[in-house]
Peer 1: 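Got a structure for you, questions after.
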Amino acid sequence: MMNHFNLSKTFYPLMLLLFFLLSNIPLSISEIKNTWILDDYRSMILFENFGFGKHGHISIWVTNVSWMSRVENVKFNPSSMGFFIADVPSFRRIWNESLHDKTYCVLSRKHAEIILRFDHIGPDSTYRGSTDIDEPNEYNLVFGNCQPELKVSMHVHTEMYNIKEGEKDFLSVGKAPLPKLYFLLFLIYAAFVIAWVIACKNQRPRVEKIHLIMGALLVCKCLKMICASEDAIYVQKTGTPHGWDVAFYAFGFFKGIMLFTVIILIGTGWSILKPYLQEREKQVLKVVIPLQVLENIVYVIINETGPATRDWLTWNQLFLLIDIACCCVVFFPIIWSIRSLKEASKRDEKAAKNLEKLTLFKQFYIVVIVYLYFTRIVVSAIGAFLNYRFVWLVPVLEEGASLVFYGFIFYNFQPTETNPYLVIDDEEEENAAAQMEENDDDDPFEL
């Protein structure tokens, strides 16, 4: 006898774990950033990437600078360390040249515009530097160390912004439309939530547990969008998110877990086709939910530490690996359901009903594949080729695909009489039975 699936027993411990970990991660301060570098001997450290308009500005304040020799008898040369900016093509050229020349000094190259060197010390042993950006472009702020035999430690405060109508705008040029975009998405999802509540209320006898979880998913998505909008607004005006980033990560966490959970539960037919989960399906949830917790923690670390962190690239690779693993695992329950429906269609008299279910689950399988492939691969590929002024198109494509995906799921699995589980008359039964036999002989969707 199989036990009913209790979602709360799985979620509550993970909720407590997430909030504990979020509270202990030192969040950086968005576009006004404070970064600690400890005993680092990399020849180049990328701090930030920013898209400037006609009137841009960069300020750097370096404190608590110290260095330590990795080898004996090495004298520190202050002019061998400093900060520079370079546009993206120039930085790529500098990076490639440094890989092939071990004696390469980035601070001596014409493509690097020096902001400050460590031989220009200020009061209280601090280093300050700033520059105005006259030519609109996308620039990288980089620390160069031409003495890699020395390890350097320092605290770096950076501010990068554009001047618009006499006021500072801390959002990169390509991210300027994001506050309005996210607010528009919030309104759309708020309307979506209201429509779903009305649909469930009108069809209360047909509402199952899965429909309640789907509603909770919509609410989390809606709240995530308003938090993203407020985060972008505050960053744009002040350079800091004023805590909205924490709310954004929290609701993003619940949205991510619920999305994959809904896909799995719908894929297994839980609460619609059957009131329980088999043991193997429970195991899938036990794998996916912890993976989603880990993925969201890694996502926070990636976004809040920045590329200056020594292991930042490793965290990105880990995030990608976990995301791919989650995407692969969620397909198994859908495949199992399709196979079960195929077997049932051979021995069940309700041929038309099974055919409707089988067709729907095949469509669901294909849509999930297209959605995950598009948002994980296609959008990233498009973003890699976009001009820095149009990076806002990446969230437009991603959120547009998500909205279409949500619409497909909620429309096809809504609690109404016009779903694939309706009562079918005798004539439709006979036609469906004949089609079942044809599909058995030559099924193009063979799993």
Side-chain angles (χ1 to χ4, degrees), residues 11 14-15 18-19 21-23 25 27-32 164 167-201 211-263 292-293 295-297 299-304 371 375 379 383 391-411:
F11 274 126
L14 294 176
M15 290 177 188
L18 173 78
F19 283 117
L21 291 171
L22 277 178
S23 64
I25 292 177
L27 302 181
S28 67
I29 312 179
S30 195
E31 296 307 324
I32 296 179
K164 292 183 178 180
E167 296 184 354
K168 296 179 180 178
D169 184 346
F170 288 92
L171 280 184
S172 177
V173 169
K175 297 181 180 179
L178 291 184
K180 293 181 180 179
L181 169 65
Y182 288 137
F183 186 73
L184 176 61
L185 287 167
F186 160 71
L187 295 178
I188 292 174
Y189 279 105
F192 205 155
V193 171
I194 294 173
W196 185 251
V197 170
I198 293 174
C200 291
K201 184 178 180 181
H211 298 126
L212 301 179
I213 300 175
M214 292 165 70
L217 168 62
L218 275 184
V219 171
C220 288
K221 182 69 175 181
C222 182
L223 293 175
K224 180 186 176 183
M225 289 297 99
I226 189 61
C227 290
S229 177
E230 291 297 323
D231 184 307
I233 289 173
Y234 274 97
V235 169
Q236 186 175 41
K237 293 181 178 180
T238 68
T240 64
H242 292 269
W244 283 101
D245 54 343
V246 178
F248 170 79
Y249 292 133
F251 289 119
F253 162 78
F254 295 123
K255 188 276 301 180
I257 287 185
M258 284 190 172
L259 175 60
F260 278 86
T261 301
V262 165
I263 291 174
Q292 276 295 298
V293 173
E295 179 179 344
N296 280 272
I297 293 171
Y299 177 76
V300 173
I301 293 173
I302 290 173
N303 282 273
E304 295 301 331
Y371 168 70
T375 55
V379 171
V391 294
W392 55 269
L393 285 174
V394 172
V396 167
L397 292 173
E398 186 172 354
E399 294 300 336
S402 296
L403 188 59
V404 172
F405 180 67
Y406 280 41
F408 172 84
I409 291 178
F410 282 76
Y411 176 78

Peer 1: Please report the shortest heavy-atom distance between N296 and Q292, naming the atom on each side.
Peer 2: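 So the two residues come closest at ND2-O, 2.7 Å.
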Peer 1: Output the distance between atom CH2 (W244) and atom OG (S229), rounded to the nearest 0.5 Å.
Peer 2: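 Going from CH2 on W244 over to OG on S229, the span is 9.0 Å.
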Peer 1: Could you walk me through whether C222 and L218 pass side chain to side chain contact (heavy atoms under 4.5 Å, CB included), step by step?
Peer 2: CA-CA 6 Å; C222 182; L218 275 184; over 6 Å; no
Peer 1: Given 3.5 Å as the limit, does a donor-acceptor pair link the side chain of T375 with the main chain of E398, or not?
Peer 2: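 Not a single qualifying donor-acceptor pair exists.
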Peer 1: Drop me the distance from I302's CD1 to E295's CD, to the nearest 0.5 angstrom.
Peer 2: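 Between I302 CD1 and E295 CD, I get 9.0 Å after rounding to 0.5 Å.
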Peer 1: Could you grab the distance from atom SG of C220 to atom CZ of F254, nearest 0.5 Å is fine?
Peer 2: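 Reported value, rounded in 0.5 Å steps: 7.0 Å.
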Peer 1: Once you round to the nearest 0.5 Å, how far does NZ of K224 lie from CG of L185?
Peer 2: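 Reported value, rounded in 0.5 Å steps: 10.5 Å.
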Peer 1: Quick one: closest heavy-atom pair of M258 and L217, and the distance?
Peer 2: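 Scanning both residues completely, I find the closest heavy atoms to be SD-N, 3.7 Å.
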Peer 1: Rounded to the nearest 0.5 Å, how far apart are CD1 of I188 and CE of M225?
Peer 2: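 Answer rounded to 0.5 Å: 10.5 Å.
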Peer 1: Only one of Y406, F410, Y411, F186 clears ring pair (Phe, Tyr, Trp, His ring centres under 6.0 Å) with F192; which?
Peer 2: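 When Y406, F410, Y411, F186 are each tested with F192, the ring pair (Phe, Tyr, Trp, His ring centres under 6.0 Å) holds only for F410.
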Peer 1: Y371 and L259: which non-hydrogen atoms are nearest, and at how many Å?
Peer 2: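 So the minimum-distance heavy-atom pair works out to OH-CD2, 3.9 Å.
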Peer 1: Report the C-alpha distance between H211 and W196 in whole Å, list the side-chain angles of each, state the deciding distance to 0.1 Å, and finish with yes or no for side chain to side chain contact (heavy atoms under 4.5 Å, CB included).
Peer 2: CA-CA 9 Å; H211 298 126; W196 185 251; 3.9 Å; yes
Peer 1: Could you tell me whether a side-chain N or O of D245 sits under 3.5 Å from a main-chain N or O of P241, the two making a donor and an acceptor?
Peer 2: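 Checked: no pair found.
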Peer 1: Mind listing the closest non-hydrogen atom pair of L171 and A232 along with its distance?
Peer 2: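 What the structure gives for the nearest pair is CD1-O, 3.8 Å.
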Peer 1: Would you please test L403 and Y189 for side chain to side chain contact (heavy atoms under 4.5 Å, CB included) and show each step?
Peer 2: CA-CA 9 Å; L403 188 59; Y189 279 105; 3.8 Å; yes
Peer 1: If I take atom CD1 from residue I32 and atom NZ from residue K168, how far apart are they, to the nearest 0.5 angstrom?
Peer 2: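 Between atom CD1 of I32 and atom NZ of K168 there are 7.0 Å.
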Peer 1: Set out, in order, the CA-CA distance, both residues' side-chain angles and the distance that settles side chain to side chain contact (heavy atoms under 4.5 Å, CB included) for T238 and H242, then state yes or no.
Peer 2: CA-CA 9 Å; T238 68; H242 292 269; 3.3 Å; yes
Peer 1: Is it the case that Y182 and E399 place a side-chain donor and acceptor less than 3.5 Å from each other?
Peer 2: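 On atom types as modelled, these side chains do not qualify, holding no pair under 3.5 Å.
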Peer 1: Is there side-chain contact between V391 and S172, with heavy atoms separated by less than 4.5 Å?
Peer 2: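 The answer is no, as the side chains (C-beta and beyond) never meet within the 4.5 Å cut-off.
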Peer 1: Are the side chain of N303 and the backbone of Y299 linked by a donor-acceptor contact shorter than 3.5 Å?
Peer 2: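 Confirmed, N303 side chain pairs with Y299 backbone.
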Peer 1: Can you tell me if CZ on F408 sees more than 12 non-hydrogen neighbours from other groups inside 6.0 Å?
Peer 2: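 Yes, because the 6.0 Å sphere around CZ of F408 holds more than 12 heavy atoms from other groups.
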Peer 1: Check P179 against I233 and note the closest heavy-atom contact, atom names and distance.
Peer 2: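 Nearest heavy atoms, P179 then I233: CB-CG1, 3.6 Å.
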Peer 1: Can you find a pair of side-chain heavy atoms, one from T240 and one from V235, that are under 4.5 Å apart?
Peer 2: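 Sidechains of V235 and T240: no contact.
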Peer 1: Counting only heavy atoms not in Y234 (residues, nucleotides, ligands), do more than 12 fall under 6.0 Å from its OH?
Peer 2: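 Not more than 12 within 6.0 Å, no.
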Peer 1: What are the two closest non-hydrogen atoms of L223 and F251, and how far apart are they?
Peer 2: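 Distance-wise, the nearest heavy atoms are CD1-CE2, 3.4 Å.
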